[in-house]
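Reviewing the structure listed below.
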Amino acid sequence: MSKTLTNRNEDYSQWYNDIVLKSGLADYSAVRGCMVIKPHGYALWENMRDVLDKMFKDTGHQNAYFPLFIPKSFLSKEAAHVEGFAKECAVVTHYRLKNDPNGGGVIVDPDAKLEEELIVRPTSETIIWSTYKNWVQSYRDLPLLINQWANVVRWEMRTRLFLRTAEFLWQEGHTAHATKQEAVEETERMLEVYATFAEEYMAMPIIRGVKTANERFAGAEDTYCIEALMQDGKALQAGTSHFLGQNFAKAFDVKFSDKENKLDYVWATSWGVSTRLVGALVMAHSDDEGLVLPPRLAPLQVVIIPIYNKDEEVRKRIHDKLSGLTKELKAKGIRVKFDDDDNNRPGWKFAEYELKGMPVRVALGARDLENNVAEVARRDTKEKMQISLDGLVGSIEKLLEDIQTNMYQRALKFRDEHISKVDSWDEFVKVLEEKGGFISAHWDGSSETEEKIKQMTKATIRCIPLNNVQEEGKCILTGNPSKERVLFAVAY
RNA sequence: CGGGAUAUAGCUCAGCUUGGUAGAGCACCUGCUUUGGGAGCAGGGUGUCGUAGGUUCAAAUCCUACUAUCCCGACCA
């Protein structure tokens, strides 16, 4: 019983840390703010990456790879961009170590100072746009649709496993277009890719929206986002897609000749999701017994556990039956593990696979064999069923789909119950304190008001939902006129 | 970067007040018995007591500095 988790209701943060560590997703590392992603966590990320990668390619993008290091001067070319990232950049100043003449191991060789310092990329707009300058001359070179899978570094003061670490893995798409309209369409298209991924694969409902000026990406004209709601009532930005206008094209002088042979700057987008999605997945679905993973992303979808007894003949029959079942499931493309390891007993395995979030567990013992059934347990509801061995593969296939759907519906219900329409300041504060979740309220559109609300309540405007209903109202704080409601929440 | 806490076996922690040669549980290893919700018995190994100084005959224990981690703030995907 060494792996009991902190109760979700007692201490949500501690529960989150416990579950990430004990389910084997990740571990702390020797480096401040950086984590080790363990095989179970990395397998989850690989599945996310593979699905997204296919979606990117299906929408016409190609992968490429740009350097980890960015010359310091590049970063200062776009004013808003510098301001956004300067405070959290790791800087490389030297390129060589040497033995300490005083015997203290190695030291930085003071003679190996770089002429120009290098920044470890916090994001790659600058290095990429300095390159695009050479790639784009004519409208025939456009659109340029590139994505890269990479690691980035942002020197965060306070880190949390997956949600905010100094180094993280992500993908960043960077595209160049001939017209503003095309670029805006691309921005929206990729937001929709993220939304589809969140809903259909992560089983996580999200709200599509646009950020306010305060929350906008440094250097963007418009930042679109998908916002998810975690079980503790806090919001989490799960993906962003930016319309960059001509800001980077101007900063890096990326021009093209159009059909009329007129020179113009290209229009840009960038978009990204990160390993933060793993944290989102954990906080959206998991419970006090451990992870609950959606079948479409779970590293393993089905675990099969034999329950043997002393009888060698029965043991062999159980083993043969389950080996056969494993093969059949694999043939159907189901990710399955037959845990025939004799070192751990069934009870231990049940608990362990629940902790790891395995969607479906099949157990078979002598008793079941006699009745021609298997015990099938689903992780999302913890329901156990006796299912006939005849047609078991079909039952499991269907069950995996049911689980995927049920997880989404359950999260959707929770999310919808946690969007509160509020029309007075007192109510706003009360709902924030007592219920959490999204608050749909009127706002006068000014950054000052948004900032005040943030200081008073910690709540920020998560987004202005796309296709938002236009409705006359009064700002929740100032009483000034407003044309639409926006979504507030305390966020991760 | 400010406030708080912590640092001892792989993990969780006791020991520190009152200085005297390092402890428990879990995990691990061996064997046997077991196997339907984190097995039982027997035996066994495990330490630079976070790092560096200082006080002392003697430091896990007292003092100083440093480092790291966690929690709470400011900042952020």
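In the text below, chain A, chain B and the rest are named by the order of the sequence lines, each starting its count at 1. Given the structure is predicted, the values throughout are model-derived calculations rather than measurements.
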When you compare the protein's N or O atoms with those of nucleotides 29-37 of chain B, which come within less than 3.5 Å of each other, and at what distance?
{"residue": "B:U34", "atom": "OP1", "partner": "A:Lys310", "partner atom": "NZ", "Å": "3.3"}
{"residue": "B:U35", "atom": "O2'", "partner": "A:Tyr308", "partner atom": "O", "Å": "3.0"}
{"residue": "B:G36", "atom": "OP1", "partner": "A:Arg345", "partner atom": "NH1", "Å": "3.4"}
{"residue": "B:G36", "atom": "OP1", "partner": "A:Arg345", "partner atom": "NH2", "Å": "3.0"}
{"residue": "B:G36", "atom": "O6", "partner": "A:Gly365", "partner atom": "O", "Å": "3.4"}
{"residue": "B:G36", "atom": "O6", "partner": "A:Ala366", "partner atom": "N", "Å": "3.3"}
{"residue": "B:G36", "atom": "O6", "partner": "A:Arg367", "partner atom": "N", "Å": "2.8"}
{"residue": "B:G36", "atom": "O6", "partner": "A:Asp368", "partner atom": "N", "Å": "3.1"}
{"residue": "B:G36", "atom": "O6", "partner": "A:Asp368", "partner atom": "OD2", "Å": "3.3"}
{"residue": "B:G36", "atom": "N1", "partner": "A:Asp368", "partner atom": "OD1", "Å": "3.2"}
{"residue": "B:G36", "atom": "N1", "partner": "A:Asp368", "partner atom": "OD2", "Å": "2.2"}
{"residue": "B:G36", "atom": "N2", "partner": "A:Asp368", "partner atom": "OD2", "Å": "3.0"}
{"residue": "B:G37", "atom": "N7", "partner": "A:Lys384", "partner atom": "NZ", "Å": "2.9"}
{"residue": "B:G37", "atom": "O6", "partner": "A:Arg361", "partner atom": "NH1", "Å": "3.3"}
{"residue": "B:G37", "atom": "O6", "partner": "A:Arg361", "partner atom": "NH2", "Å": "2.5"}
{"residue": "B:G37", "atom": "O6", "partner": "A:Lys384", "partner atom": "NZ", "Å": "3.3"}
{"residue": "B:G37", "atom": "N1", "partner": "A:Glu354", "partner atom": "OE1", "Å": "3.4"}
{"residue": "B:G37", "atom": "N1", "partner": "A:Glu354", "partner atom": "OE2", "Å": "2.6"}
{"residue": "B:G37", "atom": "N2", "partner": "A:Glu354", "partner atom": "OE1", "Å": "2.5"}
{"residue": "B:G37", "atom": "N2", "partner": "A:Glu354", "partner atom": "OE2", "Å": "3.3"}

N/O to N/O distances under 3.5 Å, protein versus nucleotides 3-5 of chain B:
none

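Using the Watson-Crick or G-U wobble rule with both distances under 3.5 Å, B:A59 pairs with nothing in any strand shown. If you check B:C66 for Watson-Crick or wobble pairing at under 3.5 angstrom, you find it paired to B:G50. Summarising the base pairing, B:U35 is matched to no nucleotide, lacking a Watson-Crick or G-U wobble pair whose two defining distances lie under 3.5 Å. Within the shown strands, B:C13 is the pairing partner of B:G23 under the Watson-Crick or G-U definition, both distances less than 3.5 Å. Both distances falling under 3.5 Å, in either a Watson-Crick or a G-U wobble arrangement, place B:U30 opposite B:A42.
For A:Arg315, the side chain to side chain contact (heavy atoms under 4.5 Å, CB included) partners are A:Tyr308, A:Glu312, A:Asp342, not counting sequence neighbours. Listed by chain and number, the residues in a side chain to side chain contact (heavy atoms under 4.5 Å, CB included) with A:Asn343 are A:Asp341 (sequence neighbours excluded). Taking A:Tyr201 as the reference, A:Phe197 meet the ring pair (Phe, Tyr, Trp, His ring centres under 6.0 Å) condition, with sequence neighbours excluded. Under the side chain to side chain donor-acceptor pair (under 3.5 Å) criterion, A:Asn147 pairs with A:Asn63, A:Gln171, not counting sequence neighbours. Looking at residues two or more places apart in sequence or on another chain, you find no ring pair (Phe, Tyr, Trp, His ring centres under 6.0 Å) involving A:Trp267. With sequence neighbours left out, the salt bridge (charged side-chain N to carboxylate O under 4.0 Å, His left out) criterion links A:Asp320 to A:Lys316.
For A:Arg154 against B:C76, a side-chain-to-base donor-acceptor contact under 3.5 Å is absent.
For the OP1/OP2 pair of B:G38 and a distance below 4.0 Å, the side-chain nitrogens and oxygens of A:Tyr353 include no atom meeting the criterion.
Of the residues in residues 212-223 of chain A, none has a non-hydrogen atom less than 4.0 angstrom from any atom of RNA chain B.
Protein atom CE of A:Met456 is 15 Å distant from nucleotide atom P of B:A74, rounded to whole Å. In this entry the distance linking CZ of A:Arg164 with P of B:C70 reads 13 Å, nearest Å. One can place NZ of A:Lys458 at 14 Å from C1' of B:C75, the figure rounded to the nearest angstrom. Regarding A:Lys454, its NZ atom lies at a distance of 13 Å from the C1' atom of B:G73, rounded to whole Å. Atom CD in A:Glu451 sits about 11 Å away from atom C1' in B:A74, given to the nearest Å. Between A:Asp27 atom CG and B:G10 atom C1' the separation is 11 Å, expressed in whole Å. Counting to the nearest Å, the C1' atom of B:C70 and the CH2 atom of A:Trp15 are 18 Å from each other. The OH atom of A:Tyr28 sits 13 Å away from the C1' atom of B:U6 (whole-angstrom rounding).
One P atom belongs to B:A60, the other to B:G23, and the distance between them is 13 Å to the nearest Å. Of the P atoms belonging to B:G47 and B:A5, the separation is 32 Å, rounded to the nearest Å. Using atom C1' as the reference point in both B:A59 and B:U21, the two lie 12 Å apart (nearest Å). Separation of the P atoms belonging to B:A24 and B:G15 is 15 Å when rounded to the nearest angstrom. Remark: the separation of the P atoms in B:G73 and B:U56 is 45 Å, to the nearest Å. The gap from the P atom of B:A7 to that of B:C11 amounts to 14 Å, rounded to the nearest Å. With both ends at atom C1', the span from B:U51 to B:U34 equals 47 Å, rounded to whole Å. B:A58 and B:U33 have their C1' atoms separated by 50 Å, with the value rounded to a whole Å.
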Ignoring hydrogens and angles, write down the donor-acceptor pairs under 3.5 Å from the side chains of residues 79-87 of chain A, residues two or more places apart or on other chains.
{"residue": "A:His81", "atom": "ND1", "partner": "A:Ala218", "partner atom": "O", "Å": "3.0"}

Atom pairs and distances, donor-acceptor, side-chain atoms in residues 452-459 of chain A, under 3.5 Å, two or more places apart:
{"residue": "A:Thr457", "atom": "OG1", "partner": "A:Ile453", "partner atom": "O", "Å": "2.7"}
{"residue": "A:Thr457", "atom": "OG1", "partner": "A:Ala459", "partner atom": "N", "Å": "3.1"}

Compile the donor-acceptor pairs under 3.5 Å between side chains in residues 364-375 of chain A and protein atoms, sequence neighbours left out, one pair per line.
{"residue": "A:Asp368", "atom": "OD2", "partner": "A:Gly365", "partner atom": "N", "Å": "2.9"}
{"residue": "A:Asn371", "atom": "ND2", "partner": "A:Arg367", "partner atom": "O", "Å": "3.3"}
{"residue": "A:Asn372", "atom": "ND2", "partner": "A:Asp390", "partner atom": "OD2", "Å": "3.1"}

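At a threshold of 4.0 angstrom between heavy atoms, the contacts of A:Thr460 with the nucleic acid are absent. Counting non-hydrogen atoms under 4.0 angstrom, A:Ser274 reaches a base of the nucleic acid. Nucleic acid contact class of A:Gly279 (heavy atoms, under 4.0 Å, all strands): none. Contact annotation for A:Leu236: no contact, since no heavy-atom pair falls under 4.0 Å across all strands.
Within 6.0 Å of CH2 in A:Trp425 there are more than 12 heavy atoms belonging to other residues, nucleotides or ligands.
Comparing atom distances between the A:Asn17 side chain and each of B:C76, B:C71, B:G38 picks out B:C71 as nearest.
Taking the ring centroids of A:Phe338 and A:His319, they lie under the 6.0 Å cut-off. Aromatic ring centres of A:Phe243 and A:Tyr224 lie farther apart than the 6.0 Å criterion allows.
By the 4.0 Å N-to-carboxylate-O rule, A:Glu192 lies too far from A:Arg189 to be salt-bridged with it. Residues A:Arg317 and A:Asp311 are not paired through a salt bridge, judged by the lack of any N-O separation under 4.0 Å between the basic side chain and the carboxylate.
Residue order along RNA chain B, read from the 5' end via each residue's closest nucleotide, puts A:Gly33 first among A:Gly33 and A:Lys87.
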